[in-house]
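The structure appears right after this line, and notes come after that.
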Amino acid sequence: MKFFVDTADVNEIRELNDLGFVDGVTTNPSLILKSGRNILEVTKEICDIVEGPVSSEVTATEYDAIMKEAAVIAKIADNICIKLPLTLDGLKACKNLSSDGHLTNVTLCFSANQALLAARAGATFISPFIGRLDDIGLDGMDLIQEIRQIYDNYGFETEILAASARTVNHIKAAALIGADVVTAPPATLKALVKHPLTDKGLETFLADWAKTGQKIA
Ligand code: E4P
């Protein structure tokens, strides 16, 4: 499973990229707001840091305006992925942009039928939002499972990008189901490494090693 980092914070992206964790980046208008940066400038900087797809979201809602914004976003860098809303206008834009060879990410997916439409529109990625379904008392993982089955039934090549993943358990569950990609905040990705028995074991090994008086040199 590929890891995308869900942030527009270039320092965090650089740190994770240096750790070899980052296959791509997802941003959205709320994350751009949080960064306090200009969307075009910060997105260009992110595209220069990571090799993989960097999703940048249009904010227009009507087809013609979406296509105008998409043209601006597409010029930022070769690894730009145009993020589009799961609406009829967004899907129409997805079909045309995907046919023209652009990477596309259809966002705000909350149902299997929406994911089916995005695949038929040729989306590179579909972004089902796990955490936001959990927030309203549903199970986001049921949606990932349903989309996996539908895409496998018909051989759709659209990649399932499990989004709004907020916990390490979300990441594990998405991986067990077979999501192609997960996007999560930097802290959640870094938390994957944590286990108390790893810390405890390392502490014991280092204490015993000190007692040997040896050095590896
Ligand atoms: C994905 O592309 C979105 O940017 C993101 O995962 C949304 O996560 P949230 O529901 O935690 O805001």
Side-chain angles (χ1 to χ4, degrees), residues 1-10 12-13 16 21-37 39 42-43 45-47 49-50 52-61 66 69-70 73 76 79-87 90-91 93-94 97-98 102-111 114-115 117-119 121 123-144 147 158-175 177 179-192:
M1 181 168 66
K2 287 177 273 192
F3 284 178
F4 287 2
V5 59
D6 196 31
T7 184
D9 182 323
V10 284
E12 302 231 60
I13 292 167
L16 282 166
F21 271 32
V22 180
D23 298 302
V25 174
T26 49
T27 65
N28 63 40
S30 305
L31 293 170
I32 296 296
L33 172 69
K34 198 172 162 194
S35 76
R37 302 273 313 270
I39 184 171
V42 75
T43 308
E45 211 173 315
I46 295 168
C47 287
I49 296 169
V50 303
V54 174
S55 289
S56 182
E57 189 162 340
V58 298
T59 57
T61 53
I66 289 175
E69 287 190 0
I73 289 172
I76 296 174
N79 54 337
I80 271 290
C81 177
I82 303 162
K83 206 172 181 188
L84 301 153
L86 217 160
T87 59
L91 290 169
C94 177
L97 291 165
S98 297
H102 294 288
L103 297 176
T104 50
N105 176 357
V106 177
T107 190
L108 291 168
C109 171
F110 295 97
S111 80
Q114 289 180 322
L117 288 173
T124 314
F125 301 103
I126 179 68
S127 288
F129 275 38
I130 304 165
R132 293 192 194 188
L133 283 168
D134 290 1
D135 288 345
I136 60 162
L138 298 174
D139 186 347
M141 284 307 152
D142 290 346
L143 176 58
I144 303 292
I147 300 172
T158 298
E159 294 191 37
I160 302 173
L161 197 176
S164 185
R166 305 193 188 133
T167 68
V168 291
N169 286 335
H170 278 151
I171 296 176
K172 180 173 78 173
I177 291 167
D180 301 285
V181 191
V182 70
T183 190
T188 309
L189 290 176
K190 283 194 269 183
L192 288 171

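When a ligand or atom number is given, it counts from 1 through the structure's own listing order.
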For the student: nearest non-hydrogen atoms of Cys47 and Val54, plus distance: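 Closest heavy-atom pair between Cys47 and Val54: SG-CB, 3.8 Å.
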Is the shortest side-chain heavy-atom distance between [X] and [Y] below 4.5 Å?
| X | Y | result |
| --- | --- | --- |
| Pro186 | Asp9 | no |
| Thr27 | Glu57 | no |
| Thr87 | Leu108 | no |

[atom] - nearest protein heavy atom and its distance:
| atom | value |
| --- | --- |
| atom 5 (C) of ligand 1 | Asp6 OD2, 2.8 Å |
| atom 12 (O) of ligand 1 | Arg132 NH2, 2.8 Å |
| atom 11 (O) of ligand 1 | Arg166 NE, 2.9 Å |
| atom 8 (O) of ligand 1 | Ser164 CA, 3.4 Å |
| atom 2 (O) of ligand 1 | Lys83 NZ, 2.6 Å |

Would [X] count as being in polar contact with ligand 1, using the rule that some N or O on each side must be under 3.5 angstrom apart?
| X | answer |
| --- | --- |
| Asn28 | yes |
| Thr183 | no |
| Thr107 | no |

Step-by-step side-chain contact (heavy atoms from CB on, under 4.5 Å) determination, Met1 to Val182: CA-CA 7 Å; Met1 181 168 66; Val182 70; 3.8 Å; yes
Phe129: numbered ligand 1 atoms lying under 4.0 Å from its heavy atoms: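 Those qualifying, in numeric order: 1 (C), 3 (C), 7 (C).
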